[in-house]
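Single-structure report; data block below.
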Amino acid sequence: MSRVQIEISLGILLVLITSSIILVYGLNENNRMADLAEAQNARSIEVGAALFDAQCSRCHGKQGLGIPGVCPPLNDRHFFDDRLKDVGWSGTQEDYIVATASSGRLTSTRPTLFTGGGTPAMPSFSDRFGGPLRDDQIRNIADFIMNWEPTAQLVEIAQPAGPGEAVGTDINAPLPEGNAAAGEALAKSQGCTACHIDAPTGPAWLPSADQSGIGDRAATRLTDPTYTGAASTPEQYLHESIVNPNAYVVDGFPANVMPQTYGDNLTSQNVADLIAYLLTLK
Amino acid sequence: MIKSESMQNLRQKIAEATDKRVRAITAGLSLREIQALLRGDPPTEKPNPRYKFHTISFLAHIRPRYYEKGSTILTHTFRLGFFTSFFFFVELFTGLILMVYYTPSPEQAYNSILNLLSNVPFGQVLRDLHRLGAEGMVIFTFLHMLRTYLTGSYKKERSFTWFTGVVLLFVTLILSFSGYLLPWDQLAYWAVTIGTSMAEAAPLFGNEANLILRGAPDIAANGLLRFYLLHVVLLPLAAILVISIHYYKVSREHGISQPAAIEDDLVTPEVKKEAKQRIDFIPDLLTHEVFLTVLGLAVMVFIVTYGGYHAPLEHVANPQVTPLDTEAPWYFWWLQGMLKLGDKTLMGIIIPTILVGLLFAIPYIDRNPYRSMYRRPFAVGIGILGVITLIVLSYMGTPVYKIQTPAATRIIQDLAPEEGVGELRAIPFDQLPSGVYEVNKTPTERMCPQLDFGCPALEKVFTDYTNRVNQAIDGGALPEGQAVLVIEDWQQDLKKVTPRIVWQEGGTTKTYERQIFLHHYRGNE
């Protein structure tokens with residue numbers, strides 16, 4: 001065979017091989033595209049998680065459980081099942097999240113339950129409206145929030161204590177006998193963990209790798225030279241931290257973040273239960 | 001079959017009509033001629049229709065009638081020039097299709113790519129082919145130039161061809177570089193930001209040059225549009241024009257150079273006579289070209305389908321966040337390396353400009369009439385030195401060289417880089433049980449007794465992490481260093497992993513940590 005004929009034969013063979021590769025590869029194209037779409041959504045959730053942590057968690061809680069009286073929970077059955085009907089929203093849940101996050105809220109839609117963070121109740125986050133985030137970043141956050149939908153539990157909204165029952169802000173006021181088990185339940189239902197989960201695992205008051213539990217910490221903080229509050233016992237320290245959080249802010253944390261309304265919302269018994277629970281954590 | 005006279009007439013008429021059609025389509029080759037071609041027989045008519053073809057056909061008129069046999073020796077050219085233009089055509093065709101799916105705006109560009117990958121059949125293959133072709137074109141342009149230099153093929157009547165070749169080298173580099181920005185991911189954005197910052201260093205008009213290039217002080221919508229138009233209109237047009245000139249000179253004026261030994265008369269007259277034999281375009285060169293094209297396509301298709309080659313795509317561009325270890329595209333590492341040696345204007349503009357000028361001027365400076373490597377030791381020496389310098393400078397341009405990263409940052413960046421996968425993200429999702437894993441306290445074996453099959457991947461990564469941290473502690477980089485790896489269940493199918501390193505420095509406790517969210521179905525590619 002001449003060189004021309006060899007090249008023609010080999011060329012035809014190569015064309016057949018290439019076509020077969022494309023054909024076999026192409027059979028899997030639909031699966032590949034579906035996998036990639038899933039992966040893209042997964043990455044969007046990853047990015048959204050970091051953005052939520054940075055931008056939203058201060059109000060809505062690290063796990064989206066909200067702050068009672070201030071910001072509504074998002075990791076909440078009600079939010080996914082009924083919220084759209086309540087506000088008469090015609091689009092999808094995701095659109096609702098994107099729209100709200102982009103433009104914020106001038107006033108709270110439920111002022112008796114959640115006052116929001118002042119005026120506006122929720123700031124706008126889209127850079128089109130003076131916020132810090134691009135639209136694709138808001139989409140990422142929406143993807144992250146939507147990932148709570150399958151697992152979200154109903155978050156009970158704490159009702160304010162009745163008149164005359166509120167504990168007030170006087171830490172010297174006598175408290176009834178506390179029940180640690182009731183306190184633990186209260187700590188969960190009041191949504192404290194929305195913010196207090198900075199420790200590596202679980203709520204911040206538990207002992208973790210390099211820290212003792214809050215019961216011990218309360219006792220040592222009292223003697224810290226930088227301590228600015230009025231408490232003289234660990235019980236009073238915890239009491240003060242709940243009803244008057246700005247009296248002493250631990251170094252490294254910002255002031256005015258914790259709601260200052262617990263004195264009005266909790267009863268004496270509530271506070272006593274909480275303190276009893278927290279003191280068991282050494 | 002009826003054998004009447006009228007039937008014979010009819011058959012003759014059909015044959016004549018067919019022949020006419022065939023000649024019209026093939027620009028003068030009859031059916032008989034094509035049969036002769038395939039058989040390897042000599043031309044059937046006079047004048048030789050295989051040469052006439054080049055006069056009649058527009059597309060064929062820039063093709064050579066023949067090359068001399070010596071110049072087609074594989075080990076003389078390695079077909080480097082051919083493959084460079086092959087890649088250019090691959091880029092043209094894949095690029096045209098990619099344009100259908102692409103919108104050049106910061107809001108849409110990245111989504112275009114995501115959509116291309118996950119919603120367009122063969123979209124990924126197209127994108128990977130385009131990327132592979134671009135890298136291939138850069139590599140082959142360089143090799144082609146190197147070969148031309150070493151065989152001395154730039155001399156005498158080929159001086160201007162070399163000149164256009166150097167122009168094409170830069171057109172190729174800028175084409176590739178301008179395409180780099182279009183996906184609008186972090187890789188693209190920061191590589192191009194670094195690249196264009198060079199313009200700023202230009203003396204006298206640096207600021208203006210930067211503005212013209214970027215469309216604004218920083219790359220944004222305007223810059224992207226400019227790069228897009230450069231990439232799809234201006235540079236391809238320039239490339240087509242200059243390639244035409246370059247190729248026309250080779251194919252119609254002076255041909256491909258003969259091997260140096262033959263041109264320098266270092267061989268016997270018989271060998272020289274053989275080397276001067278003609279290899280006709282039809283059928284030999286044409287068949288060879290088609291064969292090489294098919295071969296090239298087969299290799300490229302294999303590489304992007306089952307060869308594991310994929311064009312990278314990082315997170316969407318974020319002008320506020322400069323990722324660690326940002327670097328220019330690899331073919332500009334040498335320039336980054338030079339910038340580390342001194343002043344930006346001197347090293348980034350003035351010296352490269354002088355070098356480029358020298359590159360253009362090589363055929364006019366080099367007056368040595370010989371082409372054989374043995375008779376031009378000085379030129380070959382400079383060439384080898386140049387290549388070595390290029391490689392060393394490229395190495396110096398990578399982030400590995402002379403960029404000090406604090407120990408803790410380095411360890412965590414290697415564990416879980418800001419962009420790309422890294423060791424940590426490669427751990428299978430089910431091997432990430434939540435917990436606090438403390439370096440030097442948590443044993444590196446049997447870390448997850450609660451899992452049926454344990455977590456070998458996590459153990460391996462944690463062992464590496466432990467070793468790196470201990471090395472740094474022993475080396476004094478992390479006094480009293482402590483490190484943890486915290487894994488938390490964050491959401492359904494989502495975990496939060498926090499490597500954290502704490503150490504003492506100047507009397508205070510320093511902490512470096514990175515929070516990484518890992519989704520079950522993130523797909524590591």
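In the text below, chain A, chain B and the rest are named by the order of the sequence lines, each starting its count at 1.
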Contacting region of [X] [heavy-atom separation from chain A under 4.5 Å]:
| X | value |
| --- | --- |
| B/Leu38 | both |
| B/Val125 | side chain |
| B/His288 | both |
| B/Asn318 | both |
| B/Gln515 | side chain |
| B/Tyr306 | side chain |
| B/Lys496 | side chain |

Taking atom types as modelled and ignoring hydrogens, do the side chains of [X] and [Y] form a donor-acceptor contact shorter than 3.5 angstrom?
| X | Y | answer |
| --- | --- | --- |
| B/Tyr512 | B/Arg500 | no |
| A/Asp95 | A/Thr92 | yes |
| A/Asn140 | A/Asp143 | no |
| B/His519 | B/Asp493 | no |

Heavy-atom proximity to chain B below 4.5 Å, by part of A/Thr151: side chain
Considering only heavy atoms, which portion of A/Glu38 lies under 4.5 Å from any heavy atom of chain B: side chain, backbone, both, or neither? both
Assert top hit (heavy-atom pairs under 4.5 Å, partner chain B, pool A/Ala39, A/Gly11, A/Pro150, A/Ala34) equals A/Ala39
Go through A/Ile22, A/Asn75, A/Asp135, A/Ile17 and name the one with the most non-hydrogen pairs under 4.5 angstrom from chain B. A/Ile22
In terms of heavy-atom pairs under 4.5 Å, which option from [options] contacts chain A the most?
| options | value |
| --- | --- |
| B/Pro121, B/Pro283, B/Gly40 | B/Pro121 |
| B/Leu518, B/Thr498, B/Val290, B/Asn111 | B/Leu518 |
| B/Thr305, B/Val301, B/Leu292 | B/Thr305 |

Any side-chain to backbone donor/acceptor pair from [X] onto [Y]? Under 3.5 Å, distance only.
| X | Y | value |
| --- | --- | --- |
| A/Ser44 | A/Gln40 | no |
| A/Ser124 | A/Ser126 | no |
| B/Arg522 | A/Ala42 | no |
| A/Arg3 | B/Asp284 | no |
| A/Gln93 | A/Phe79 | yes |
| A/Arg77 | A/Glu149 | yes |

Between B/Glu33 and B/Arg50, is any pair of side-chain heavy atoms under 4.5 Å apart? yes
Residues 46-53 of chain A vs chain B, non-hydrogen distance cutoff under 4.5 Å, contacting residues -> A/Glu46, A/Val47, A/Ala49, A/Ala50, A/Asp53
Which residues satisfy the salt bridge (Lys or Arg N to Asp or Glu O under 4.0 Å) test with A/Asp35, sequence neighbours excluded? none
Taking the inter-plane angle between the rings of B/Phe83 and B/Phe86 on a 0 to 90° scale, is it parallel (under 30°), tilted (30 to 60°) or perpendicular (over 60°)? perpendicular
